[in-house]
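Note that the structure is predicted; figures quoted are calculated from it, not measured.
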Amino acid sequence: MLERKVVVGPFQCNCRILVCPNTGHAMVLDPGDESQKILREIEKAEADLKKKIQVKYLMHTHGHLDHIAATKDLKAKLGAEAVIAIHGDDEPLYQQLKMQAGLFGLPYGDPDPIEKRIEHEERITLGDLKLDVVHTPGHSPGSVCLRLHQDSATGASEKLYTGDTLFYLSVGRTDLWGADGDLMFKMIRSRILTLDGDTKVCPGHGPDSTIGTEKKQNPFLS
Ligand SMILES: [Zn+2]
Ligand SMILES: [Zn+2]
């Protein structure tokens, strides 16, 4: 599998482009800002792969502005084929992009409509790549992680994209609208830390980690 991380916007969100090397089908995960920078990375990935990339999903771990602000621009460039997807419980947040941005003096307008509402345990296929939706509410009501399955045909390894729920040696904020700290910790323990220790953790901000490292060293989880 081909993966590219682009750090975007004033909040330094890790936007990731995941590509199935066999089909060129791709997902942009958390397009938080700087659509031009993301589009350039897609072009670079096409050059690396020597294959046309088709973005099938504009996917979001949750509806905070630093994960959704470039979605509209990308949709305009990539067209109908790139489906805007997010968990339904974060629809209110997603719809409030303009208001969220206003709090920081950022000039974002209203978002495009959500086209797909993802659900817990739903499987997303991306060519030969398989990702499962893991609903982990707490940081926001519709926060999800995406679990990528190991696959020798694509070279994919076991990974969990954790958005703002779990970071390297840290966890998400729970003081924002709709947050629930107790629920977030419950979800981290029951739906994240139960995965294999070798599973790579790919957060929405900052460096990557592993489940094993977080279990042993995360001070918020001891
Ligand atoms: Zn967030
Ligand atoms: Zn964030």
*Carefully, step by step, assess Arg4 and Asp48 under the rule salt bridge (Lys or Arg N to Asp or Glu O under 4.0 Å).*
CA-CA 11 Å; Arg4 289 191 171 259; Asp48 283 358; 2.3 Å; yes
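- Closest non-hydrogen pair, Leu148 versus Ala156, comes out as CD2-CB, 4.0 Å.
- With no hydrogens or angles considered, no side-chain donor-acceptor pair links Asn14 and Tyr161 at under 3.5 Å.
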*Carefully, step by step, assess Val171 and Thr165 under the rule side chain to side chain contact (heavy atoms under 4.5 Å, CB included).*
CA-CA 6 Å; Val171 296; Thr165 297; over 6 Å; no
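- Pairing each heavy atom of Arg173 with each of His139, the nearest pair is O-ND1, 2.8 Å.
- Counting heavy atoms from C-beta outward, Val55 and Leu74 have side chains that stay 4.5 Å or more apart.
- Pairing each heavy atom of His62 with each of Asp90, the nearest pair is CB-OD2, 3.1 Å.
- To the nearest 0.5 Å, atom NZ of residue Lys51 and atom CG of residue Leu2 are 10.5 Å apart.
- Between the Lys37 side chain and the Val7 main chain, a donor and an acceptor come within less than 3.5 Å of each other.
- Within the structure, ring pair (Phe, Tyr, Trp, His ring centres under 6.0 Å) contacts touching residues 168-194 (residues at least two apart or in different chains) do not occur.
- Taking each heavy atom of Pro21 and Met1 in turn, the nearest pair found is CD-CA, 3.6 Å.
- Scanning all heavy atoms of the two residues, the minimum distance from Cys15 to Ile38 falls at SG-CD1, 3.7 Å.
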*Passes side chain to side chain contact (heavy atoms under 4.5 Å, CB included), Glu214 versus Leu166? Steps please.*
CA-CA 9 Å; Glu214 296 309 311; Leu166 179 65; 4.1 Å; yes
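- The main-chain N or O of Ala82 is found under 3.5 Å from a side-chain atom of Lys75 such that the two form a donor-acceptor pair.
- Counted within 6.0 Å of NZ on Lys186, heavy atoms from surrounding residues, nucleotides or ligands total 12 or fewer; the atom is thus considered open.
- By the neighbour-count criterion of 12 heavy atoms within 6.0 Å, atom CD of Glu115 is densely surrounded, having more than that number from other residues, nucleotides or ligands.
- Tested against Met27 for a side chain to side chain contact (heavy atoms under 4.5 Å, CB included), the candidates Val83, Val19, Ile124, Leu58 yield a single pass: Ile124.
- Of the possible donor and acceptor atoms, one in the side chain of Gln100 sits under 3.5 Å from a partner among the backbone N and O of Gly63.
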*I would like to know whether Ile188 and Phe220 meet side chain to side chain contact (heavy atoms under 4.5 Å, CB included); could you show each step before the answer?*
CA-CA 11 Å; Ile188 291 174; Phe220 296 93; over 6 Å; no
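- If you chain together hydrophobic residues whose side chains sit under 4.5 Å apart, Val133 and Met184 never meet in one group.
- The structure places CG of Leu93 at 7.5 Å from CD1 of Ile86, a figure rounded to the nearest 0.5 Å.
- Heavy-atom contacts from other residues, nucleotides or ligands closer than 6.0 Å to NZ of Lys98 number 12 or fewer.
- Distance check: Ile17 CD1 to Glu46 CD gives 10.0 Å after rounding to the nearest 0.5 Å.
- Exactly one of Arg123, Glu122, Glu121 qualifies for a side chain to side chain contact (heavy atoms under 4.5 Å, CB included) with Asp132. That residue is Arg123.
- Between Lys77 and Gln36, some side-chain heavy-atom pair lies under the 4.5 Å cut-off.
- Within the structure, every pair that satisfies the ring pair (Phe, Tyr, Trp, His ring centres under 6.0 Å) test and touches residues 110-136, not counting sequence neighbours, is listed here: His87-His135.
- Salt-bridge formation is not detected for the pair Glu43/Arg40: no Lys NZ or Arg NE/NH1/NH2 atom is positioned less than 4.0 Å from an Asp or Glu carboxylate oxygen.
- Gln150 places no side-chain N or O within donor-acceptor distance of the main-chain N or O of Glu158, the cut-off being under 3.5 Å.
- Between Leu97 and the choices Asp110, Ile68, Thr71, the side chain to side chain contact (heavy atoms under 4.5 Å, CB included) rule is met once, by Ile68.
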Let me check something: any side-chain donor-acceptor pairs from residues 193-202 under 3.5 Å, sequence neighbours excluded? List them with distances.
from, atom 1, to, atom 2, distance (Å)
Thr194, OG1, Ser190, O, 3.0
Asp196, OD1, Asp198, N, 3.0
Thr199, OG1, Asp196, O, 2.8

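- One distance of note links CG of Leu131 with CZ of Arg147; it measures 11.0 Å at 0.5 Å rounding.
- Side-chain contact annotation: Thr210 with Thr213, donor-acceptor N/O pair under 3.5 Å present.
- Closest heavy-atom contact between Tyr57 and Lys116: CE2-CD, 3.8 Å.
- Checked by atom type, the side-chain pair His67/Asp164 shows a donor-acceptor distance below 3.5 Å.
- In this structure, OG1 in Thr23 is found 7.0 Å from CG in Leu129, a value given to the nearest 0.5 Å.
- Residues Ile192 and Cys145 are in side-chain contact: their nearest non-hydrogen atoms beyond the backbone lie under 4.5 Å apart.
- Formation of a donor-acceptor pair under 3.5 Å by the Glu3 side chain with backbone atoms of Leu18 is not found in this model.
- Remark: the Thr61 side chain and the Asp30 side chain contain an N/O donor-acceptor pair separated by less than 3.5 Å.
- In this structure, the side chains of Val28 and Ile42 come closer than 4.5 Å at one or more pairs of heavy atoms.
- Remark: Ser209 OG to Lys215 NZ distance equals 12.5 Å, nearest 0.5 Å.
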